[in-house]
> 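Okay, handing you the structure first.
Residue numbers start at 1 and run along the sequence shown.
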Amino acid sequence: MPFINAQILAGHSTEQKQALLKNANKAVQESIGASVASIRITIQEYQPYEVMVSGQEGHEFATLQVHLIEGRTEALKAALIAALSQAASESLGISQEDIRVMAIDVPKENMGMAGGISAKAAGR
């Protein structure tokens, strides 16, 4: 853990999407000290007709939802949010004004780890 699901407007190049994956991975490692082995990142793309931002259909955007095992400080989560916003902006070439990042705490007993046990049972 953490798990990042990035939702973006379709039309970005393969290179931009690869940059988003790499830069987001680095942002998570550097901001909260997560090990690379624990980070999972996916990208979902939406067609312009499937997106409305501020009343404008097809407006550029990125939304990153980050699920984390509970227990990180507010300061660490703020650093993570800032780092991911910057990573998305730089990778996709869009304004940080059009990016939203949500850090979502998951209770330890609700997070499954390798081997099918909860993070709580694994002592996390």
> Between Ser38 and Ala34, which heavy-atom pair has the shortest distance, and what is it?
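That would be OG-CB, 4.0 Å.
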> Going through the checks in order, is the side chain to side chain contact (heavy atoms under 4.5 Å, CB included) test met by Asp105 and Lys77?
CA-CA 10 Å; Asp105 283 328; Lys77 288 187 269 188; 2.7 Å; yes
> Quick check: does any side chain N or O of Asn23 sit under 3.5 Å from a backbone N or O of Ala19, one acting as donor and the other as acceptor?
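At least one qualifying donor-acceptor pair exists.
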> Does a side-chain heavy-atom distance below 4.5 Å link Gln7 with Val51?
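Counting from C-beta outward, Gln7 and Val51 never come under 4.5 Å.
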> Could you check if a side-chain atom of Leu68 sits within less than 4.5 angstrom of a side-chain atom of Ile32, using non-hydrogen atoms only?
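With C-beta onward as the side chain, the pair touches.
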> Using the rule that two of Ile, Leu, Val, Met, Phe, Trp, Tyr join whenever any of their side-chain heavy atoms come within less than 4.5 Å, decide whether Leu21 and Val101 are in one cluster.
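Yes, because Leu21 and Val101 connect within a single hydrophobic cluster, where side-chain heavy atoms sit under 4.5 Å apart.
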> If you measure from CG on Leu92 to CD1 on Ile8, what distance do you get to the nearest 0.5 Å?
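Rounded to the nearest 0.5 Å, the CG-CD1 separation comes out at 5.5 Å.
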> Could you pull out the closest heavy-atom pair between Ile39 and Gln29, with the gap in Å?
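Closest approach of Ile39 to Gln29: CD1-CG, 3.6 Å.
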> In residues 58-66, what donor-acceptor pairs under 3.5 Å come from side-chain atoms, sequence neighbours left out?
| residue | atom | partner | partner atom | Å |
| --- | --- | --- | --- | --- |
| His59 | ND1 | Gln56 | OE1 | 2.9 |
| His59 | NE2 | Asp98 | OD1 | 3.0 |
| Glu60 | OE2 | His12 | NE2 | 3.0 |

> How far apart are the closest heavy atoms of Ser85 and Ile99, and which atoms are they?
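Scanning both residues completely, I find the closest heavy atoms to be O-CD1, 3.5 Å.
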> Do Ile69 and Met113 have side-chain heavy atoms sitting under 4.5 Å apart?
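Ile69 vs Met113: side chains touch.
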> If I take atom CG from residue Leu84 and atom CD1 from residue Ile41, how far apart are they, to the nearest 0.5 angstrom?
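Answer for the CG-CD1 pair, Leu84 versus Ile41, is 8.0 Å.
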> Take Ser89 and Gln96, measure what side chain to side chain donor-acceptor pair (under 3.5 Å) needs, and give me the verdict at the end.
CA-CA 6 Å; Ser89 177; Gln96 287 196 46; 4.7 Å; no
> Sequence neighbours left out, what passes side-chain contact (heavy atoms from CB on, under 4.5 Å) with Glu57? Give chain and number order.
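Here the qualifying residues are Tyr49, Met52.
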> Restricting to non-hydrogen atoms, name the atom on Pro48 and the atom on Leu9 that form the minimum distance, rounded to 0.1 Å.
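The answer is CA-CD1, 3.8 Å.
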> Is it the case that over 12 heavy atoms from other parts of the model lie below 6.0 angstrom from the CD atom of Glu74?
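No, not enclosed.
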> Output all residues satisfying side-chain hydrogen bond (donor to acceptor under 3.5 Å, both in side chains) with Asn25, sequence neighbours left out; order by chain, then residue number.
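With neighbours one apart ignored, the set is empty.
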> With rounding to the nearest 0.5 angstrom, report the OG to CD distance, Ser91 to Glu15.
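Interatomic distance, Ser91 OG to Glu15 CD, rounded to 0.5 Å: 12.5 Å.
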> Looking at every heavy atom in both Ala24 and Ala87, which two are closest together, and how far apart are they?
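Scanning both residues completely, I find the closest heavy atoms to be N-CB, 4.0 Å.
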> For Ala10 and Gln47, which heavy atoms make the closest approach, and how far apart are they?
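Heavy-atom minimum between the residues: CB-NE2, 3.5 Å.
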> Under 4.5 Å between any side-chain heavy atoms of Arg124 and Met111, yes or no?
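Heavy-atom side-chain distance check fails, nothing below 4.5 Å.
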> Would a single hydrophobic cluster contain both Ile4 and Val106, if residues Ile, Leu, Val, Met, Phe, Trp and Tyr are joined by side-chain heavy-atom contacts under 4.5 Å?
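No, Val106 and Ile4 fall in different hydrophobic clusters.
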> Between atom CD of Gln16 and atom OG1 of Thr14, what is the distance when rounded to the nearest 0.5 Å?
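One finds 9.5 Å between CD of Gln16 and OG1 of Thr14.
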